[in-house]
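Notes follow once the structure below has been shown.
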Amino acid sequence: MLALYIAMEAEAQDILDALDAQRLPQQPIIGTYYQAGDILIATSGKDLATGVDCVGTEPAGIVANDLIVHHGVTRLFNAGTCGAHSSLEAQIAEAFLVSPTIFSHDHRIPLPRFEEFGMGAHPMPKEIPALAKKLGLRTAILSSGNSLDHTERDLEIFLANGARIKDMEGSSLAWVCRQHDIPLTSLKVVTDIFDLPHPAAEQFNANLAQAAESVTAVTLRILQEWGLFDN
């Protein structure tokens with residue numbers, strides 16, 4: 001079974017509507033689940049203390065593991081937004097498929113082998129470049145962290161690993177999928193150019209609606225390519 005993970009409800013709503021997804025009667029404590037035909041759709045859910053979307057690596061990892069262990073998911077598709085480095089020369093709302101690798105830039109453990117574990121370097125499926133070419137998309141290396149902004153050290157690691165886009169869940173999803181030996185496809189759409197003087201948070205708020213439209217459009221194209229959506 002394929003599961004589609006989308007961290008934020010604002011990114012997911014149009015996809016849920018397009019697929020006529022139905023909220024499952026039994027819900028986990030962390031995450032919100034929907035069914036659309038053969039596709040299980042999960043968002044990160046809402047934090048009980050603050051009411052906001054549970055963005056970040058921790059909720060993503062918990063949801064991904066639950067989907068695989070308790071719902072029989074054998075393939076995970078993550079669709080969502082990202083920040084891009086200016087060197088990528090990306091446009092706002094431009095979509096990328098992640099390949100060949102996903103890293104972490106703020107999981108620093110300067111101990112033998114633990115450093116490698118923290119960095120991640122999770123390989124993506126080899127067929128991703130061919131899918132990107134068919135859809136007319138570029139590919140990029142993704143790096144994940146738990147902050148919308150970044151430190152100088154974060155940026156050093158990010159660039160050293162060849163990453164050009166960053167999010168807050170990809171590395172966690174990739175790690176869980178790697179432990180279970182199932183494939184992950186990751187679609188990321190740009191909301192902000194994070195190394196510009198203009199704060200990333202302001203860019204994100206200004207561009208989220210436009211980026212979400214692109215997330216929806218490209219997600220549906222990919223599902224159609226896989227024979228899971230008939231427009």
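Atoms considered below: every heavy atom in the structure, side chains included; atoms not considered: hydrogens, waters and symmetry mates.
- Here the side chains of F204 and T81 are in contact, with some heavy-atom distance below 4.5 Å.
- Put simply, the side chain of T139 never gets that close to the backbone of P129: no donor and acceptor are under 3.5 Å apart.
- The salt bridge (charged side-chain N to carboxylate O under 4.0 Å, His left out) test with K188 singles out one residue from E169, E94, E11, and that residue is E169.
- H180 is listed as a side-chain neighbour of V69, based on a closest heavy-atom distance under 4.5 Å.
- A donor-acceptor pair is defined here as one N or O able to donate and one able to accept, closer than 3.5 Å; no such pair exists between the side chain of Q27 and the backbone of I29.
- Minimum interatomic distance between D149 and K166 (heavy atoms only, all atoms of both residues): O-NZ, 3.8 Å.
- Using a 4.5 Å heavy-atom threshold, the side chains of L184 and R178 count as separate.
- The two residues L228 and L2 come nearest to each other via the heavy atoms CD1-CD2, 3.4 Å.
- A side-chain donor-acceptor contact under 3.5 Å links Q22 to the backbone of D20.
- The two residues A42 and L67 have their closest heavy-atom pair at CB-CD1, 4.0 Å.
- E9 contributes no side-chain N or O that, together with a main-chain N or O of T43, makes up a donor-acceptor pair within less than 3.5 Å.
- For H85 (side chain) and S87 (main-chain N/O), a donor-acceptor pair under 3.5 Å exists by modelled atom type.
- Only one option out of D167, T57, D106 pairs with S144 in a side-chain hydrogen bond (donor to acceptor under 3.5 Å, both in side chains); it is D167.
- Judged by distance alone, the side chains of T32 and R23 never bring a donor and an acceptor atom under 3.5 Å apart.
- Aromatic rings of H150 and F158 (six-membered ring for Trp) have centroids beyond the 6.0 Å cut-off, not under it.
- A continuous path of hydrophobic side-chain contacts links I165 to I92 [ILVMFWY only; heavy atoms under 4.5 Å].
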Chi angles and distances behind the side chain to side chain contact (heavy atoms under 4.5 Å, CB included) call for T185, W226: CA-CA 12 Å; T185 301; W226 289 341; 3.8 Å; yes
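- Using a 4.5 Å heavy-atom threshold, the side chains of H107 and F117 count as touching.
- Side-chain contact check for L142 versus R164: every heavy-atom pair is 4.5 Å or farther apart.
- At a threshold of 4.5 Å between non-hydrogen side-chain atoms, the residues F96 and V190 count as touching.
- A donor-acceptor contact under 3.5 angstrom links the side chains of S171 and S104, judged on distance only.
- Around the CG atom of D17, the shell of radius 6.0 Å holds more than 12 heavy atoms that belong to other residues, nucleotides or ligands.
- You'll find the side chain of E58 reaches within 4.5 Å of the side chain of N146, heavy atoms only.
- In terms of hydrophobic clustering, with Ile, Leu, Val, Met, Phe, Trp and Tyr side chains grouped at heavy-atom distances under 4.5 Å, M8 and L76 are assigned to different clusters.
- A donor-acceptor pair under 3.5 Å is formed between the side chain of T191 and the backbone N or O of C82.
- The cluster map of Ile, Leu, Val, Met, Phe, Trp and Tyr, joined by side-chain heavy atoms under 4.5 Å apart, puts L88 and L137 in different clusters.
- At a threshold of 4.5 Å between non-hydrogen side-chain atoms, the residues F229 and T219 do not count as touching.
- Taking both residues in full, the closest heavy atoms of D47 and C54 are given as N-SG, 3.3 Å, listed atom of the first, atom of the second, then distance.
- Note on Y5: it does not cluster hydrophobically with V189, by side-chain heavy-atom contacts below 4.5 Å among ILVMFWY residues.
- The pair D154-R108 meets the salt-bridge criterion, since a charged nitrogen lies less than 4.0 angstrom from a carboxylate oxygen.
- A continuous path of Ile, Leu, Val, Met, Phe, Trp and Tyr side chains, each step under 4.5 Å between heavy atoms, connects L131 with F77, placing both in one hydrophobic cluster.
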